[in-house]
There are 2 protein chains.
Amino acid sequence: MKDRDVQADQMLTDQVLTALRQITQAIDIHSRFLEKNYAVTVPQLIVLRTIQRHQSMAVGGVAAAMSLSISTITGIVARLEKKGLLARSRCEEDKRRFLLRLTADGERFLLSAPPPLQETFLNRFDHLENWEKHMVLGSLQRLVALMQARDIDAAPILTSGPVAAPER
Amino acid sequence: MKDRDVQADQMLTDQVLTALRQITQAIDIHSRFLEKNYAVTVPQLIVLRTIQRHQSMAVGGVAAAMSLSISTITGIVARLEKKGLLARSRCEEDKRRFLLRLTADGERFLLSAPPPLQETFLNRFDHLENWEKHMVLGSLQRLVALMQARDIDAAPILTSGPVAAPER
DNA sequence: GAAATATGGTATGTGTGCAAAATATTTACT
DNA sequence: AGTAAATATTTTGCACACATACCATATTTC
């Protein structure tokens, strides 16, 4: 039994959660700002950039590259297609796939579009001292590692259906 | 003009964004796990806890306490009410308000419910060295400060409505 | 070659989050 | 009092993000 100040520990973790939510919120707010002024959201912009980098990609490829689920990408792609920034075509080799590529409008758009958060937060982040940037990134990645350390040991409580979801 | 490695800077910020999304994702996944096994999500659980701490609260109070928008709380409250964990009643002094309080079921539920992330990530976070916890928290709050350094300088493009939102 | 299985993608439904508009109530001002 | 302004909530509409169920095409197996 460690002799710790449990109260203080709880406060610390609460603060972490609050900080995380505030960060998420800030990104979300920026996304809405983008949507209002540039007609695309942050996720949409990142999808466009990702496809641009690869020239042409399948839906699953984008999902893997962004570590998002396929169904999420489907929705985003549908909205981008409706805006005419992106086109889908059946892959000839494997007709299960759709190949995604930018339209001329899409290319043109990216040339004038702002990078995801550059105008705001990332711009300021960029101006931090190098050691501080690395410290922040290190902390974030520490959290990611902690969170991704599979919950498997704690999970099997209500065993309805396939308990051990293979991955993700 | 500083003499920096722009490429490396870009990578750093990209990594920050990726880490942030992964953290958000991990929380979301945990929330679904909770929903499946305990019938409430993380936000729902936090709303319950918040109300419990205050005995009874109005919707706006919860929103302020959690720094979420009122409309978001409305939806969460509706779901909790449907589950019978929480009840609403008109406030007598100010009939615009609804007072929220836990039902007997709600109280009982909280006694058996797990703290938001304790079973998983926070538990592990708790076991970090103290200096590391503080470093992580410090980094997160650094990000929050950067992000909240109001976008006012960049924002006023579409000035519809009260631009300078007082707080939040 | 036909049946079983695997894989890529879409459609649907739920939960979160916001903004904007609609309602109702209280407070302030004239 | 009587309207105007502020306040408290709800409703609606949109964008994510996921899981689940389902359709179409590929691959494997018999």
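Proteins get letters first, then strands, A, B, ... in listed order; numbering begins at 1 in each. In this text the structure is predicted, and so the values were computed from the model without any measurement.
- Between the CE atom in B:Met135 and the CG atom in B:Leu140 there is a gap of 10.5 Å [rounded to 0.5 Å].
- Spacing between atom CD of A:Glu92 and atom C1' of D:dA26 amounts to 15 Å, rounded to whole angstrom units.
- Taking CG of B:Leu48 as the reference point, atom CG of B:Leu110 lies at 5.0 Å (rounded to 0.5 Å).
- Within the model, atoms CZ of B:Arg101 and CD of B:Glu107 stand 10.0 Å from one another, a figure rounded to the nearest 0.5 Å.
- With hydrogens and angles ignored, the 3.5 Å screen pairs no side-chain donor or acceptor of B:Ser31 with any backbone N or O of B:Thr41.
- Distance CD1/B:Ile76 to CD/B:Gln44: 6.5 Å, rounded to 0.5 Å.
- Distance, A:Gln44 CD to D:dA15 C1': 8 Å, rounded to whole Å.
- For A:Arg97 (side chain) and A:Arg90 (main-chain N/O), no donor-acceptor pair under 3.5 Å exists by modelled atom type.
- At a threshold of 4.0 angstrom between heavy atoms, the contacts of A:Thr41 are confined to the sugar-phosphate backbone, with no base atom among them.
- The nearest whole Å value for the distance from the CG atom in A:Leu45 to the C1' atom in D:dA15 is 15 Å.
- Taking atom CE on A:Met57 and atom C1' on C:dG9, their separation rounds to 15 Å, with Å as the unit.
- Computed from coordinates, the B:Asp28 CG to C:dG15 C1' distance equals 9 Å when rounded to whole Å.
- Residue A:Thr72 places at least one side-chain N or O closer than 4.0 Å to OP1 or OP2 of D:dC18.
- We find that NZ of A:Lys95 is positioned 12 Å from P of D:dT27, with the value rounded to whole Å.
- With D:dA15, C:dT25, D:dA17 as the candidates, the nucleotide lying closest to the side chain of A:Leu68 is D:dA17.
- The separation between A:Leu100 atom CG and C:dG9 atom C1' is 11 Å, rounded to whole Å.
- With rounding to the nearest 0.5 Å, the separation of CG in B:Leu100 from CD1 in B:Ile73 is 9.5 Å.
- The phosphate of D:dT20 (OP1 or OP2) has a side-chain N or O of B:Lys36 nearer than 4.0 angstrom.
- Under 4.0 angstrom from either OP1 or OP2 of D:dA17 there lies no side-chain N or O belonging to B:Arg32.
- Mapping A:Cys91 and A:Arg79 onto DNA chain D by nearest heavy atom places A:Arg79 closer to the 5' end of the strand.
- If you measure from atom CG of B:Leu34 to atom P of D:dA19, you get 15 Å, rounded to the nearest angstrom.
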Report, one pair per line, the protein and nucleotides 6-10 of chain D atoms (nitrogen or oxygen only) whose separation is under 3.5 Å.
unit_1	atom_1	unit_2	atom_2	d
D:dT7	O4'	B:Arg96	NH1	3.3
D:dT7	O2	B:Arg96	NH1	2.9
D:dA8	OP1	B:Arg97	NH2	3.4
D:dT9	OP1	B:Phe98	N	3.3
D:dT9	OP2	B:Gly60	N	2.8
D:dT10	OP1	B:Arg88	NH1	2.2
D:dT10	OP2	B:Thr74	OG1	3.0

